[in-house]
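Each remark here refers to the structure printed beneath this line.
The structure presented is a predicted model; accordingly, all values stated were derived computationally and were not measured.
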Amino acid sequence: MKKREKENLEFVRSRFEKAAYEIPVTLSTKAMRKKITEKAQAAPVRRKKRHSMRPYIAAAACLVLVIGAVFAVKGNFFQNTKRIATFQSYDEVQAFAAGLSKPAIPSEMGGGPLQSMIQTVESAGQTASNGQNIYCAYYNAYSDTDRNSVYVFSAEGEDAQLLGKIGGFDDQLDIESLLATENRLIVCLSDPDGVTQIYIYDISDPVSPKKIAVFEQSGNYTNAFLIGNTVYTLSNYLPQKAESIPKSGAQGAAEPVKAENISYFENCRNLNYIVISALDTTNGTAGETKAVLGGMPIVCCMENAMYIAEDGTIYGQDGWVDSQTYSDASRSSTNIVKLELEGTQVRFANMAEVSGILAKDLISDSNLLFADGEYVALITTMCDENGVQKTTLTTLDKNLKQLGQSEAFAPGETPRDAAVLGSTVYVSTDGGNLYVVDLSDKTAPKYAGSAQAMEYSGIFAPVDETHFLVLSDFMSAPEGGDLVTLYDISDPLAPKVADQKQLENIYVSSERMIINREKGYFAIPYYTSDEVQRYYGVLTLEIQNEKIVVSNTFLNDNHDAINANMCCILGDYIYNFAIDTSDTGGAELLISAHKYK
């Protein structure tokens with residue numbers, strides 16, 4: 001669901017609540033929850049794209065764990081890296097593309113419920129700050145014009161105020177994400193029909209920002225990373241015709257990517273390009289755009305390298321993974337390519353082949369690629385001779401030379417997500433289980449077993465290397481308020497419930513959770529309600545002596561402001577942003593500042 005559709009639904013919901021219509025018993029929360037839950041037991045939950053980035057990007061992983069499901073006998077893997085395959089002409093590109101399949105719907109990228117504790121490069125989000133001011137991306141679904149804008153707020157604690165707005169963007173685009181440096185702001189927008197635009201502003205004067213450059217590239221926006229003064233932007237281009245070549249360049253002057261700058265996987269299945277641009281934020285100049293044909297729209301970016309894996313999925317008409325994906329005897333491996341990053345120069349470096357298939361549902365989010373700079377790990381999937389899906393984890397060094405591979409695990413299940421805490425990898429599956437792989441020896445990853453004692457359902461939030469929180473999601477939340485559980489994973493195979501707390505009449509936006517590691521607390525947007533309406537704010541959680549402590553439940557002052565699911569932390573204050581839906585509010589974005597106590 002697009003951001004504008006979500007906000008339109010929220011608007012309808014708020015008006016409905018104000019009208020205070022009596023709800024039939026068959027549509028009560030309890031009845032609907034029961035219906036949804038019963039349905040969910042019969043079919044997998046189909047999660048839509050989340051435009052925002054991970055709840056706590058500073059701590060989120062970028063360990064390239066390419067997850068699919070693989071069956072491989074220990075030691076049965078490919079040893080050598082391969083040459084990088086690129087085209088010499090557009091005729092070659094078009095002839096190769098003509099034999100590929102088109103996915104039913106655009107692939108999407110986003111964060112998953114499992115989060116790792118590996119530091120990565122700065123990734124774009126809906127809010128950004130240069131330490132002095134806060135910039136907030138906002139799509140105004142209540143307006144007919146000037147829908148996309150960036151709100152600029154001063155970060156002055158309780159005196160925080162709106163300094164101005166940056167607008168003038170195409171209303172046919174969706175504002176996706178922001179990045180900020182001391183004096184530069186990067187704004188990313190995307191067109192549902194397949195164009196991504198990157199705006200660069202000089203924000204030396206926050207009241208009067210100056211546009212430096214506008215760049216565009218083919219494809220739906222997937223992510224952007226800031227390394228030094230360079231922003232790397234990725235998009236997923238699904239051409240309607242095999243003859244179409246991805247384009248990039250200054251706004252209104254985009255040209256086809258050079259054939260020699262397009263790499264491909266020799267046995268790829270799907271007609272899609274991962275398009276990678278690099279822009280110097282100081283002056284707006286761009287390096288030569290690269291593209292990878294047949295790549296998975298899940299990319300891991302490190303300080304000097306980027307990894308892109310082959311998409312081995314066979315898609316059904318609804319965008320879900322077809323069962324043939326893992327049983328197709330003609331395909332039994334996944335390729336991965338490494339790109340070296342140096343300023344605006346992006347170079348194809350290495351390619352390697354790993355046994356098993358990497359696949360993902362187009363409408364689900366997964367944290368599937370990880371790497372820590374010294375090694376890369378892939379989780380892949382395939383059927384054995386009896387038709388049973390099994391999974392393995394393979395490790396490679398940073399130049400993609402294979403190091404080792406685990407024994408097969410998770411029979412009959414499909415991996416959905418993964419997280420790394422210390423030297424332990426947790427892999428969640430569609431069967432609701434958590435499987436554990438020991439990575440203390442990168443040359444010999446060891447399947448350690450299943451963490452069957454843990455009832456995994458919700459959002460996984462690491463506290464430290466031996467504890468994590470699970471926050472109930474929409475499907476698993478009990479009546480009366482969301483549930484927070486603290487697990488002790490000192491023994492990875494036997495997680496223990498250290499504490500559990502139900503938040504009375506409190507429902508959190510757990511995917512927007514952020515962490516203040518310095519002061520040791522989690523900040524989470526939430527709402528509570530009475531018989532009249534909902535009230536929005538931010539709560540803070542702390543872990544003290546293995547106990548969950550709700551240290552603050554801040555409420556925003558303006559009770560007509562809804563959809564307050566964005567927040568950020570600067571200094572001693574937590575800032576929360578909401579939409580003013582009062583009769584005189586004009587659906588403007590409001591800021592509330594709460595001092596952490």
Check: How far apart are the closest heavy atoms of Cys188 and Tyr221, and which atoms are they?
Finding: CB-CE1, 3.6 Å

Next item on the list: Mark yes or no for whether Asp146, through its side chain, and Ser149, through its backbone, hold a donor-acceptor pair below 3.5 Å.
Entry: no

Margin query: Quick test of your reading: applying ring-ring contact (aromatic ring centres under 6.0 Å, His included), list the pairs with at least one residue in residues 165-190, sequence neighbours left out, ordered by first then second residue.
Written below: Phe169-Tyr199

Check: Looking at side-chain heavy atoms only, is the closest gap between Ile506 and Leu539 below 4.5 Å?
Finding: yes

Margin query: Quick check: Phe153 with Tyr135 (ring centres under 6.0 Å apart)?
Written below: no

Next item on the list: Decide side chain to side chain contact (heavy atoms under 4.5 Å, CB included) for Tyr575 and Leu570; before the verdict, give the C-alpha distance in whole Å, the side-chain angles of both, and the deciding distance to 0.1 Å.
Entry: CA-CA 8 Å; Tyr575 298 92; Leu570 278 178; 3.9 Å; yes

Item checked: Working for side-chain hydrogen bond (donor to acceptor under 3.5 Å, both in side chains), residues Thr540 and Ser551 -> CA-CA 6 Å; Thr540 59; Ser551 49; 2.6 Å; yes

Notebook entry, point to check: Distance only, no hydrogens: is a donor on one side chain within 3.5 Å (strictly under) of an acceptor on the other, for Glu546 and His467?
Noted result: yes

Next item on the list: Locate the shortest heavy-atom distance separating Pro462 from Phe468; write the atom from each residue and the value.
Entry: CA-CB, 3.7 Å

Notebook entry, point to check: Would Tyr573 and Glu156 count as having a side-chain donor-acceptor pair, cut-off 3.5 Å?
Noted result: no

Next item on the list: Would you please test Ser592 and Asn558 for side chain to side chain contact (heavy atoms under 4.5 Å, CB included) and show each step?
Entry: CA-CA 9 Å; Ser592 295; Asn558 189 325; over 6 Å; no

Notebook entry, point to check: When rounded to the nearest 0.5 angstrom, what is the spacing between CD1 in Ile548 and CZ in Phe522?
Noted result: 10.0 Å

Next item on the list: Look at the side chain of Asp499 and the backbone N and O of Lys547, then say whether any donor-acceptor pair between them is shorter than 3.5 Å.
Entry: no

Item checked: Exercise: identify the closest heavy-atom pair between Gly157 and Ala593 -> O-CB, 3.1 Å

Margin query: Closer than 3.5 angstrom, by distance alone: can the side chain of Thr127 be matched with the main-chain N or O of Cys568 as a donor-acceptor pair?
Written below: no

Next item on the list: For the pair Ile379 and Val427, evaluate side chain to side chain contact (heavy atoms under 4.5 Å, CB included) and give the outcome as yes or no after the intermediate values.
Entry: CA-CA 9 Å; Ile379 301 177; Val427 181; 3.4 Å; yes

Margin query: Within this structure, what is the CD1-CG distance for the pair Ile198 and Leu179, rounded to the nearest 0.5 Å?
Written below: 11.0 Å

Check: Is it the case that Tyr535 and Asp530 place a side-chain donor and acceptor less than 3.5 Å from each other?
Finding: yes

Check: Does the Gln197 side chain pair with the main chain of Leu189, one donor and one acceptor, at a distance under 3.5 Å?
Finding: no

Checklist line | The single option from Leu471, Asp482, Val538 passing side chain to side chain contact (heavy atoms under 4.5 Å, CB included) against Ile524 | finding: Leu471

Margin query: Are Thr424 and Val437 packed together at the side-chain level, in the sense that at least one heavy-atom pair is separated by less than 4.5 angstrom?
Written below: no

Next item on the list: Check whether any side-chain heavy atom of Leu486 sits under 4.5 Å from a side-chain heavy atom of Ile543, and report yes or no.
Entry: yes

Next item on the list: Check the side chains of Ser190 and Asp174 for a donor-acceptor pair under 3.5 angstrom, ignoring hydrogens and angles.
Entry: no

Check: Would a distance-only check, ignoring hydrogens and angles, find a side-chain to backbone donor-acceptor pair under 3.5 Å from Asn505 to Ser529?
Finding: yes

Next item on the list: Indicate yes or no for a side-chain donor-acceptor contact from Asp560 to the backbone of Thr581 under 3.5 Å, with no hydrogens or angles considered.
Entry: no

Notebook entry, point to check: What heavy-atom pair brings Ile200 and Arg184 nearest, and what distance separates the two atoms?
Noted result: CG2-CD, 4.1 Å

Notebook entry, point to check: Between atom CG of Leu178 and atom SG of Cys136, what is the distance when rounded to the nearest 0.5 Å?
Noted result: 7.5 Å

Margin query: Under a 3.5 Å distance rule, please check whether Asn556 uses its side chain to pair with a backbone N or O of Ala561 as donor and acceptor.
Written below: no

Note to self: Are the side chains of Phe225 and Leu234 in contact, using a 4.5 Å heavy-atom criterion?
What the structure shows: yes

Margin query: Are more than 12 heavy atoms, taken from residues, nucleotides or ligands other than Asp205, located less than 6.0 Å from that residue's CG atom?
Written below: yes

Notebook entry, point to check: Is there side-chain contact between Val425 and Val436, with heavy atoms separated by less than 4.5 Å?
Noted result: no

Note to self: Looking only at the side chains, is there a donor atom on one of Ser235 and Thr222 sitting less than 3.5 Å from an acceptor on the other?
What the structure shows: no

Next item on the list: State the CG-CE distance between Asn563 and Met566, to the nearest 0.5 angstrom.
Entry: 7.5 Å

Next item on the list: Would you mind listing every salt bridge (charged side-chain N to carboxylate O under 4.0 Å, His left out) that reaches into residues 561-572, with sequence neighbours excluded?
Entry: Lys519-Asp572

Check: Are side-chain N/O atoms of Gln500 and Thr485 paired as donor and acceptor at under 3.5 Å?
Finding: yes

Next item on the list: Mind listing the closest non-hydrogen atom pair of Ala523 and Ile569 along with its distance?
Entry: CB-CD1, 4.2 Å

Check: Any side-chain heavy atom of Leu185 within less than 4.5 Å of one from Val150?
Finding: yes

Next item on the list: Check the pair Asp170, Asn148 against side chain to side chain contact (heavy atoms under 4.5 Å, CB included), reporting the backbone distance first and the verdict last.
Entry: CA-CA 7 Å; Asp170 189 338; Asn148 292 295; 5.9 Å; no

Next item on the list: Report yes or no: does Ser154 contribute a side-chain atom to a donor-acceptor pair with the main-chain N or O of Ala160 at less than 3.5 Å?
Entry: no

Next item on the list: Check whether more than 12 heavy atoms from other residues, nucleotides or ligands sit under 6.0 Å from atom CD of Gln544, and answer yes or no.
Entry: yes

Check: Does any non-hydrogen side-chain atom of Leu439 lie less than 4.5 Å from one of Leu393?
Finding: yes

Next item on the list: Answer yes or no for Arg147 and Tyr139: cation-pi contact, defined as NZ/CZ to six-membered ring centre under 6.0 Å and angle to ring axis within 45°.
Entry: no

Note to self: Rounded to the nearest 0.5 Å, what separates atom OG in Ser208 from atom CD1 in Ile203?
What the structure shows: 12.5 Å

Margin query: Taking the six-membered ring for Trp, are Tyr596 and Tyr521 closer than 6.0 Å centroid to centroid?
Written below: yes

Margin query: A side-chain contact here means heavy atoms from C-beta on lying under 4.5 Å apart; do Tyr526 and Thr553 qualify?
Written below: yes

Next item on the list: Fit a plane to each ring of Tyr138 and Tyr151, take the angle between them on a 0 to 90° scale, and name the class: parallel (under 30°), tilted (30 to 60°) or perpendicular (over 60°).
Entry: perpendicular

Note to self: For a quick test of reading the model, state the closest non-hydrogen atom pair linking Phe554 to Lys595 and the distance between them.
What the structure shows: CZ-O, 3.2 Å

Margin query: Rounded at 0.5 Å granularity, tell me how far CD1 in Ile186 sits from OG1 in Thr181.
Written below: 6.0 Å

Next item on the list: Please answer whether the main-chain N or O of Ile134 pairs with a side-chain N or O of Ser129 as donor and acceptor at a distance below 3.5 Å.
Entry: no

Notebook entry, point to check: Are Asn220 and Asn236 close enough that a side-chain donor and a side-chain acceptor fall under 3.5 Å?
Noted result: no

